[in-house]
Amino acid sequence: MKNRKILQVFNLVLIFSLSIMIFSITSSQAKISPESIEAYDYSGSTTIDAGKYFSKTVSSSGTFPNFEKIIMWVQTDNPSKYIDLYIMSNAAYLKFISGQSFTATKSSTFVNEGTLELSMPGTWYCVWSNKGRSSSVALDYFVDVGGDDIPSYSGYTWVKNGQSVASGNSYAYHVSYGTQDLLSGSFKTYVSSDKIDFFICDSTEYSTWSSGGTPTTVYESHSDTSSASWGPFQPPHTDDWYFVYSAKDSSEPVTFSAYINREQWYPPGLSIWDPASDSSWEPGFSYSIDWTTTGTVNNVNIHLYRNDTFISEIATGVENTDFFSWSIPSDIELSTKYQIYITDPSNSSVSDFSDYFTISTAKSITLKSPVGGEEWEAGNTYDITWEWTGLFTAVNIEISRGTTWYSVIASDVPNTGSYSWTIPTDFDYGTFWWISVSDTSGSYVDDESDYFKINSDDAPPPGNGDDGSIHPSISDFNFPLEIGCFWKFKWDYTESEMHDGVWSTTVEMEGTFTVKLVSRKEIQGIPGFGVQVTGDTQKYRPRWTYVTCWAHQLLGSTNGNSWQILFDAQDGRWYGGGFFNEYTSDLFASARKGTIDNDYIKSDVYQTGFSTSEQTGGCTYYPGIGQVCSGDTQYAGSQNYEYYKKEVGPVGLKYWVVYSYSAGMTWDQWNKEGNVGLVDYLVPEELPFVPPSSIPTSSTTSSISSSSESQPISTTLETEDKTTASNGVEPELTPGFLWCTVWLVLPILSVKLSRRKKRN
């Protein structure tokens with residue numbers, strides 16, 4: 001009993017040691033090579049006399065997953081000889097050896113080859129029994145604790161697990177392979193004392209060998225071994241190739257597992273991928289020359305070329321690792337026409353040139369004109385000038401306004417340091433313009449001017465805004481409204497601050513809300529519709545209880561008793577009402593043709609609103625800020641535009657305001673920006689249908705009286721003798737959409753604008 005306990009302790013220590021080894025092997029390798037497959041916990045060959053048995057004591061633990069499984073295996077030396085297999089507990093084993101009745105946990109009787117598997121913790125007896133039989137039996141066996149030692153190789157082109165070969169026989173696998181195939185493989189016998197011969201041959205040599213002759217040529221030969229890896233083997237010609245596993249010299253039957261891994265053979269080749277055409281490397285720094293190798297190329301030479309002419313050797317005969325670190329000399333000549341050439345020193349046909357790339361000092365652009373503060377006149381020509389360092393051949397010149405990109409002035413123009421720009425006569429005038437010059441090679445090198453102003457002879461006096469000059473008449477602005485119609489908007493809002501030149505974002509918000517028509521009411525003889533606002537509106541909730549479109553005007557009411565004009569399409573006037581805004585009634589600006597272009601909608605529209613600025617002197621009222629005087633600030637300005645569209649109505653809002661303050665060493669700035677845009681991809685499940693007969697065909701002359709609550713502007717609604725509902729589209733404006741009626745759904749493509757934020 002004492003010896004048995006010692007044996008059990010020894011087994012536990014052995015199993016624990018093996019588990020650590022298994023864990024380290026399987027953790028470090030994606031596939032276990034045959035050399036790293038450990039021996040079975042118990043394996044070998046033995047003979048059991050008639051009426052006798054053979055056993056091994058093993059332990060299984062639930063502590064480690066690899067210990068939860070016990071596998072025992074046997075193969076007799078003759079298919080006509082049988083044996084019994086058991087895995088049993090200590091109590092059952094004592095009854096078994098004393099000849100009493102017992103119950104095995106696992107059993108398989110009357111087998112010539114078999115396997116038992118158990119997954120339970122504890123101490124167990126693996127028994128190979130020849131009891132009750134009159135003749136002895138020779139057998140091979142193994143016990144695998146953890147179930148991780150079976151020599152099978154999965155995931156390859158050919159897999160053969162547990163192939164048995166009788167003593168004096170052989171097994172051959174054959175398939176057609178050609179010179180483009182690269183073959184490798186491995187095999188291992190189930191019992192380490194069993195030996196096997198292995199070789200590869202073609203069909204001619206196999207016929208010779210199988211007929212008892214001696215083959216002239218065999219490949220990857222291994223003799224009298226229990227395991228081996230072979231390859232890579234490239235077949236010298238296309239044929240049926242035979243992989244022969246021979247037990248002709250073995251006195252025992254042999255069981256083995258094997259695989260053949262097939263890969264495509266590639267001719268030797270080199271392909272440089274760095275430097276590439278957009279690479280710009282600096283003298284005095286180190287860079288990695290990178291390439292891809294196919295086939296076998298052991299060493300490489302690396303040369304430098306400029307303008308297709310050899311300049312120098314970078315490296316010769318270096319090991320082919322698919323990269324080489326090159327330190328560029330600090331005194332090298334700058335050029336955009338460098339190339340790297342790489343070649344196999346033993347085969348000059350295996351080579352490659354890189355793309356042309358640049359060796360240059362660091363790139364930079366400094367804009368010299370405009371720099372900010374200029375006043376340029378539409379119709380005149382001005383020189384945009386810049387200085388630069390480094391090598392780049394072309395630049396892009398773009399113009400923006402405020403935080404919104406506007407247009408390209410010139411693209412891919414030669415990098416000469418100057419470009420003459422004639423400002424179009426119909427160019428939008430006003431402040432907050434800025435120009436950027438950037439490298440076209442994708443290196444993100446650019447520079448931007450500060451704000452400057454563009455004047456126009458057609459511009460009206462500044463007044464409350466400098467953008468209100470055109471008074472368009474939109475005769476077919478009318479569009480039908482009905483219960484169930486809705487506008488859905490998305491918005492974003494940002495406030496940011498700069499203190500002593502350091503920016504910090506203090507507020508960032510965004511949301512979505514819906515304005516839906518849910519009821520009908522006649523106000524001042526004009527049919528209107530009750531407004532239901534749902535969602536997250538924050539700063540942009542329309543204050544209107546009722547809205548309508550009548551006589552080419554968009555009207556709103558806060559009290560249900562009188563209308564206020566939100567937008568007058570007859571002369572493009574905006575009386576300070578607005579769909580999103582609430583200003584005093586003495587503010588006035590005219591509409592003009594423009595675009596709305598934000599993250600949510602891009603479309604031709606009529607824009608109306610204000611753009612103001614103050615540099616020095618006097619006081620100015622800024623929406624959202626209040627009264628600002630020159631004694632309090634060095635600069636202040638704002639933009640506030642609403643956007644309207646035929647057949648759609650309100651489609652968005654842009655709001656931007658800035659003021660800065662400087663005194664002594666202090667420099668502070670405060671910005672806030674808001675964008676609202678119509679969402680053009682949400683469609684209700686059921687679109688209301690408005691029959692043509694229900695669309696108003698004329699309007700009556702009605703006076704819109706002022707209301708003390710909303711302070712509406714009094715005006716007269718003109719009588720229309722023609723149909724007011726129209727789907728006509730002016731050439732310069734594309735249809736928008738309002739999800740109102742099936743016949744009026746006109747989608748707008750939502751284009752996301754890449755905005756660049758100006759920092760002072």
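Side-chain contact check for L517 versus E482: every heavy-atom pair is 4.5 Å or farther apart. At least one side-chain heavy atom of I526 sits less than 4.5 Å from a side-chain heavy atom of L555. I384 places a side-chain heavy atom less than 4.5 Å from the side chain of I435. Looking only at side-chain heavy atoms (C-beta outward), W544 and T558 come within less than 4.5 Å of each other. Within the 4.5 Å cutoff, the side chain of K521 has heavy atoms near those of the Y546 side chain. A 4.5 Å side-chain heavy-atom check between N675 and D599 finds every atom pair outside the cut-off. Counting only heavy atoms from C-beta outward, the side chains of Y644 and L554 approach each other to under 4.5 Å. A 4.5 Å side-chain heavy-atom check between D274 and S279 finds at least one atom pair inside the cut-off.
Applying the salt bridge (charged side-chain N to carboxylate O under 4.0 Å, His left out) criterion to K363, with sequence neighbours excluded, gives D439. Under the side chain to side chain donor-acceptor pair (under 3.5 Å) criterion, Q532 pairs with no residue at all, not counting sequence neighbours. Listed by chain and residue number, nothing satisfies the salt bridge (charged side-chain N to carboxylate O under 4.0 Å, His left out) test with R541 (two or more places apart in sequence, or in another chain).
Closest approach of V679 and K490 over heavy atoms only: CG2-CG, 3.4 Å. When all heavy atoms of D447 and L367 are compared, the closest pair comes out as OD2-N, 2.7 Å. The two residues I596 and L653 have their closest heavy-atom pair at CD1-N, 4.5 Å. Between S420 and D383, the shortest heavy-atom contact is OG-OD1, 2.7 Å. Across every non-hydrogen atom of S364 and V445, the tightest pair is CA-CG1, 3.6 Å. Between W434 and D450, the shortest heavy-atom distance links the atoms CB-O, 3.9 Å.
Side-chain atoms of E377 never come within 3.5 Å of backbone atoms of I454 as a donor-acceptor pair (strictly under, hydrogens ignored).
In this structure, CD1 in I523 is found 8.5 Å from OG1 in T545, a value given to the nearest 0.5 Å. Note that CD of E673 is 8.5 Å distant from CH2 of W656, once rounded to the nearest 0.5 Å. Distance check, rounded to the nearest 0.5 Å: CH2 of W386 to OG of S436 gives 11.5 Å. Rounded to the nearest 0.5 angstrom, D597 CG and K654 NZ are separated by 9.5 Å. From D492, atom CG reaches atom OG1 of T512 across 10.5 Å, with rounding to the nearest 0.5 Å. Taking CD from E448 and CD from E398, the interatomic distance works out to 10.0 Å, rounded to the nearest 0.5 Å.
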message: For I601 and V651: C-alpha separation, side-chain torsions, deciding distance, then whether side chain to side chain contact (heavy atoms under 4.5 Å, CB included) applies.
response: CA-CA 8 Å; I601 181 174; V651 295; 4.2 Å; yes
task: For F567 and F579, run side chain to side chain contact (heavy atoms under 4.5 Å, CB included): C-alpha distance rounded to whole Å, both residues' side-chain angles, the deciding distance at 0.1 Å, then the answer.
output: CA-CA 8 Å; F567 179 74; F579 189 77; over 6 Å; no
- request: May I have the step-by-step check of side chain to side chain contact (heavy atoms under 4.5 Å, CB included) for W421 and I399, ending in yes or no?
  value: CA-CA 11 Å; W421 178 41; I399 188 167; 3.7 Å; yes
T514 vs F486, side chain to side chain contact (heavy atoms under 4.5 Å, CB included): CA-CA, chis, key distance, verdict: CA-CA 7 Å; T514 301; F486 69 92; 3.9 Å; yes
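Between W376 and Y382, the ring centre distance stays below 6.0 Å.
For the residue pair N559/S557, the side-chain donor-acceptor check at 3.5 Å is satisfied. In the model, W491 has no side-chain atom that pairs as donor or acceptor with a side-chain atom of E510 under 3.5 Å.
Aromatic ring orientation, W433 versus F427: tilted (interplanar angle from 30° to 60°). A perpendicular orientation is assigned to the rings of F489 and F580, their planes being inclined by more than 60° (bins at 30° and 60°).
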